[in-house]
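Okay, structure first, notes after.
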Number of protein chains: 2
Amino acid sequence: MESNQPLCCDTTEIHMDLVEQVRSQLPQDEILYDLAELFKIFGDSTRIKILYALLESELCVCDLAKLMEVSQSAVSHQLRVLKGSKLVKFRREGKVLYYSLADDHVLSILNQGMDHLTE
Amino acid sequence: MESNQPLCCDTTEIHMDLVEQVRSQLPQDEILYDLAELFKIFGDSTRIKILYALLESELCVCDLAKLMEVSQSAVSHQLRVLKGSKLVKFRREGKVLYYSLADDHVLSILNQGMDHLTE
DNA sequence: CTAACATATGAATAACTGTTCATGTGTTCA
DNA sequence: TGAACACATGAACAGTTATTCATATGTTAG
């Protein structure tokens, strides 16, 4: 039994040159990490719904809360995340904060995702 | 003190008509949920890295493990997820499974994300 | 058939994430 | 100045997720 545990491809080193070549083409780890962080934002249905709503119109926090039937606090927490990634912006009018999409990359990203689903 | 806790916009109902109109434009909840699930896949740096690697070349599991310096098991688990979302496919050659991207939506989605980061 | 090996997978654990609850902040109006 | 309100935020809790470890599966060579 005495397993000397061949971790993976220990003997053959199947495609070591290819591995090196591909490695040299990869974006830096930090960039990949940031990219994952960005997609993580889209990976929550509450946030997706907020984004789709803002695609239609600028809305205030309580509009969003009503629209989505979740608490004001939950919406506010998520808007904070979206703000942090520069996906939404807001303007103040008295007590009310009106949120809107920061740019139209949001739409592009959402559309690409939809394309993959509906084919 | 006796808070009757005005949940949110209780009195004014600021933009109730607008809320209804926006609601009617939103995709179905189930679609939004599926879309979030898809983006969740992209929201992990291990999986992002796998996808970028496969963008360069078809690779076997242990190539990927070496390339990314993670365990074979971790790669295998993630490939399972990617397979489940039809983002990668594979072909068998003897004992070795070669993975590749399922289609070029993957590239489109990654590129849109990159665009948002690098502007 | 059996040993070797590439890969898959189930269980367990640690880290992370989203919501709720309670409360704080900033603005308006009287 | 103080009450009312829209919104933000910190702490806590529950649910989710990625990795590791151990082991199982499926294929090849002898």
Side-chain angles (χ1 to χ4, degrees), chain A residues 1-15 19 33 36-37 39-50 58-66 68-85 88-99, chain B residues 1-15 19 33 36-37 39-50 58-66 68-85 88-99:
Chain A
M1 278 312 162
E2 185 54 11
S3 75
N4 55 352
Q5 185 77 338
L7 284 168
C8 186
C9 309
D10 246 5
T11 55
T12 47
E13 302 223 332
I14 307 190
H15 312 104
V19 167
Y33 185 80
E37 287 301 303
F39 283 119
K40 206 171 291 181
I41 309 284
F42 289 83
D44 175 81
S45 51
T46 299
R47 287 190 292 261
I48 288 267
K49 205 165 180 178
I50 290 176
E58 161 183 86
L59 291 166
C60 71
V61 177
C62 69
D63 285 344
L64 285 167
K66 278 202 192 106
M68 308 173 53
E69 292 171 327
V70 300
S71 71
Q72 173 266 318
S73 178
V75 171
S76 202
H77 277 294
Q78 298 305 350
L79 284 171
R80 187 182 211 276
V81 174
L82 293 168
K83 249 186 304 179
S85 297
V88 304
K89 56 185 167 55
F90 66 96
R91 68 181 177 87
R92 175 183 284 277
E93 195 167 299
K95 293 177 289 191
V96 182
L97 300 185
Y98 290 92
Y99 280 83
Chain B
M1 277 313 163
E2 186 54 8
S3 75
N4 54 352
Q5 185 78 339
L7 283 169
C8 187
C9 309
D10 246 4
T11 54
T12 48
E13 301 223 330
I14 305 191
H15 312 103
V19 167
Y33 186 81
E37 286 302 301
F39 283 120
K40 208 172 288 181
I41 310 283
F42 287 84
D44 174 82
S45 51
T46 299
R47 287 190 291 261
I48 287 268
K49 204 166 181 176
I50 290 176
E58 162 184 87
L59 290 166
C60 71
V61 177
C62 69
D63 286 343
L64 285 167
K66 278 202 191 105
M68 306 172 53
E69 293 171 326
V70 300
S71 72
Q72 173 267 319
S73 179
V75 171
S76 202
H77 277 295
Q78 298 304 348
L79 284 171
R80 188 183 212 278
V81 174
L82 292 169
K83 248 186 306 179
S85 298
V88 305
K89 57 185 166 53
F90 67 95
R91 68 183 176 85
R92 175 182 286 276
E93 196 168 300
K95 291 176 290 193
V96 182
L97 300 185
Y98 291 92
Y99 280 83

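Residue numbers begin at 1 in each chain, while the letters A, B, ... track the order of the sequences. Any value given below was found using the heavy atoms of this structure, including those in side chains, with hydrogens, waters and symmetry copies removed.
If you take CZ of B:Arg91 and C1' of C:dA6, they are 15 Å apart, rounded to a whole angstrom. Here the C1' atom of nucleotide D:dC7 and the CG atom of A:Leu82 are 16 Å apart, to the nearest Å. A straight line from CD of A:Glu69 to C1' of C:dG18 spans 18 Å, rounded to a whole angstrom. As a whole-Å value, the separation of B:Phe90 CZ from C:dT7 C1' is 10 Å. If you take CG of A:Leu79 and C1' of C:dG18, they are 14 Å apart, rounded to a whole angstrom. Between the OH atom of A:Tyr33 and the C1' atom of C:dC16 there is a distance of 10 Å, given to the nearest Å. The distance from atom NE2 of B:His15 to atom C1' of D:dA6 is 12 Å, rounded to the nearest whole Å. Between the CG atom of A:Leu64 and the P atom of C:dT19 there is a distance of 13 Å, given to the nearest Å.
Relative to the side chain of A:Cys62, the nucleotides C:dT7, D:dC7, C:dG26 differ in distance, and D:dC7 lies closest.
Taking NZ of B:Lys66 as the reference point, atom SG of B:Cys60 lies at 7.5 Å (rounded to 0.5 Å). For the atom pair CG (B:Leu82) and CD1 (B:Ile50), the distance works out to 5.5 Å, reported to the nearest 0.5 Å.
Counting only residues at least two apart or in different chains, salt bridge (charged side-chain N to carboxylate O under 4.0 Å, His left out) contacts with residues 40-49 of chain B comprise A:Asp29-B:Lys49, B:Glu37-B:Lys40.
Between A:Tyr99 and D:dA8 there is a side-chain N or O to OP1 or OP2 distance below 4.0 Å.
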Under 4.0 Å protein heavy-atom contact, by nucleotide of nucleotides 9-20 of chain D - B base, S sugar-phosphate only: BB------SSBB
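With sequence neighbours left out, B:Lys95 forms a side-chain hydrogen bond (donor to acceptor under 3.5 Å, both in side chains) with no residue at all. Judged as a side chain to side chain contact (heavy atoms under 4.5 Å, CB included), and not counting sequence neighbours, the contacts of B:Lys83 are B:Val88, B:Phe90, B:Tyr99. For the side-chain hydrogen bond (donor to acceptor under 3.5 Å, both in side chains) test, residues two or more places apart in sequence or in another chain that qualify with A:Glu93 are A:Arg91.
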Give me the distances for all protein-to-nucleotides 28-30 of chain C N/O pairs that come in under 3.5 Å?
none

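When every heavy atom of B:Ala36 is checked against every heavy atom of A:Ser45, the shortest pair comes out as CB-N, 3.5 Å.
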B:Leu59 and A:His15: CA distance, side-chain angles, deciding distance, side-chain contact (heavy atoms from CB on, under 4.5 Å) verdict: CA-CA 9 Å; B:Leu59 290 166; A:His15 312 104; 5.7 Å; no
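Within the 4.5 Å cutoff, side-chain heavy atoms of A:Leu79 are placed close to those of A:Leu64.
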